[in-house]
Q: 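Take this structure first; my questions come after.
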Amino acid sequence: MTDPALDAASYYRDFTVLKVNVTAVSPPGSPQMKDNTCTNVVSEVIYELEYSGTSGIQSVSVQFKVSNISGNSRSSLQQHFTVHFWTRTLSHMLLRSGNPGYITGAPLLIANSGAVQHMSILRSESDGSCSQFLRHMVQFGRNMRTGCKISLSPVLEDSNCSYMQQKLYKAFWGMNRTGDFAITGSAHSTQAEEWMTVLIQNCSVQAVNCTSCCMVPVTLEVQILWTKVGLLSNPQAQILGARHFYQCHPLRFLNMSTVPVATVVTFTDMTDWPEPPRGQPQRHWKLPFDIFFPFKIALNVERSYRGDLAGYLLLILIIYGIFCF
């Protein structure tokens, strides 16, 4: 219990990296002895360093995996340490996903605090666990489904329900939490009318009819409605609305070490196409009852005019014959 190598706090508390504080992501509690078993023992430490080519290190975060070991003095523990460097892509460096409408297969654009990013979802490692760093990029118009397993602390108390929920939510979000969706593939971060807020439905805090359970998100459904607008000869795809819907499941404390999770992305075409222009007349077409009325009127007028003209000509010929002969 006093060995700093086994305590998560010793890996981030009271030190900095180039004037940047180290932030712990959902840090576990200190090691505790219970029934000759030492709990919350650090088995893996993962550092993430975000850096910029011009400003240096921007932030440092650390995540932990813990395990339980026997209190026997001859027990051994193998620890793993990982340092991951990554840089945030600037919004002006992102390629357009269409101009202006989305192109099928192009990355879906999201924004959080003004930073434009590509939306991504969970990706599994070869052993089925959720990858800490690698994620699948969401492509416009293409439905997706992924699944993996997230490790939890072997021993959980009732007060850790909120911790469990936040850990799973953060796993679904990844490094770039979705705040807004780009309506079109060429949306600019400074144009508010080109973005829409995502509707999010989270889990309730407690499970119903279970005092030792915790409601946690196990499935994230990303539902996206889109349509085509503009000319029929060159329609442009744009997003109408988006929702994050979390399906939740009660987990019983002390019984879960890993939680299987899944992400589902669905695109629904809501295009309301106009009536296409008519081509050649078809046999089944029905004409109005008086469709020929204008032609009948014109024909009757023409016949009347012709009769009057013949009468006038006959009268002129008779008068001409009387005076000339």
Q: Taking side chain to side chain contact (heavy atoms under 4.5 Å, CB included) as the criterion, tell me which of Val17, Val83, Thr23 meets it with Val60.
A: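 Looking at Val17, Val83, Thr23, the match for Val60 under the side chain to side chain contact (heavy atoms under 4.5 Å, CB included) is Val17.
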Q: Within the 4.5 Å heavy-atom criterion, are Val265 and Ile121 side-chain neighbours or not?
A: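 They are in contact (side-chain heavy atoms under 4.5 Å apart), so the answer is yes.
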Q: Can you confirm if the aromatic rings of Tyr246 and Tyr169 lie within a centre distance of less than 6.0 Å?
A: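 Ring centroids of Tyr169 and Tyr246 are less than 6.0 Å from each other.
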Q: Could you tell me which non-hydrogen atom of Leu77 sits nearest to which non-hydrogen atom of Ser43, and how far apart they are?
A: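 Heavy atoms of Leu77 and Ser43 come nearest at CD1-CB, 4.4 Å.
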Q: Would you find more than 12 non-hydrogen atoms of other residues, nucleotides or ligands less than 6.0 Å from Met33 atom CE?
A: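 More than 12 within 6.0 Å, yes.
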Q: Heavy atoms only: give me the nearest Pro217-Leu168 pair and the separation to one decimal.
A: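 Looking at all heavy atoms of both residues, the closest pair is O-CD1, 3.6 Å.
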Q: List the residues meeting side-chain contact (heavy atoms from CB on, under 4.5 Å) with Ala182, not counting sequence neighbours, and say none if there are none.
A: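 Testing Ala182 for side-chain contact (heavy atoms from CB on, under 4.5 Å), a comparison that skips the adjacent residues, returns Tyr102, Leu109, Ala187, Trp195.
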Q: If every non-hydrogen atom of Ser97 is compared with every non-hydrogen atom of Pro107, which pair is closest and at what distance?
A: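 Looks like OG-O, 2.6 Å.
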Q: Indicate whether any N or O donor in one side chain lies under 3.5 Å from an N or O acceptor in the other, for Gln63 and Glu48.
A: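 A pair is found: one side chain offers a donor N or O, the other an acceptor, under 3.5 Å apart.
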Q: Are more than 12 heavy atoms, taken from residues, nucleotides or ligands other than Asp14, located less than 6.0 Å from that residue's CG atom?
A: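 No, not enclosed.
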Q: Just do the side chain to side chain contact (heavy atoms under 4.5 Å, CB included) check on Leu122 and Arg135 with the steps written out, would you?
A: CA-CA 5 Å; Leu122 286 170; Arg135 293 173 66 87; 3.7 Å; yes
Q: Once salt bridge (Lys or Arg N to Asp or Glu O under 4.0 Å) is applied, do any residues pair with Lys228, and if so which ones, sequence neighbours excluded?
A: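 With neighbours one apart ignored, the set is empty.
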Q: State, to 0.1 Å, how close Phe64 and Ala8 come at their nearest heavy-atom pair, and which atoms those are.
A: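 Residues Phe64 and Ala8, closest heavy atoms: CZ-O, 3.3 Å.
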Q: What heavy-atom pair brings Asn99 and Ser186 nearest, and what distance separates the two atoms?
A: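 So the minimum-distance heavy-atom pair works out to OD1-OG, 3.7 Å.
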Q: Side chains of Met270 and Asp272: does their closest heavy-atom pair fall under 4.5 Å?
A: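 No. Closest side-chain heavy atoms not under 4.5 Å.
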Q: Near Arg145 CZ, under 6.0 Å, is it more than 12 heavy atoms from other residues, nucleotides or ligands?
A: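 It does not: Arg145 CZ has 12 such atoms or fewer within range.
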Q: Whether the Gln32 and Thr39 side chains hold a donor-acceptor pair (N or O, under 3.5 Å, no angle test) is what I'd like checked.
A: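 Absent: no donor and acceptor within the cut-off.
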Q: For Val62 and Tyr12, work out which heavy atoms get closest and say how close.
A: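 Here Val62 and Tyr12 meet closest at CG1-CB, 3.7 Å.
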Q: Suppose we call two aromatic rings close when their centres sit under 6.0 Å apart. Are Trp226 and Phe140 close by that rule?
A: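 Here the rings of Phe140 and Trp226 have centres that are less than 6.0 Å from each other.
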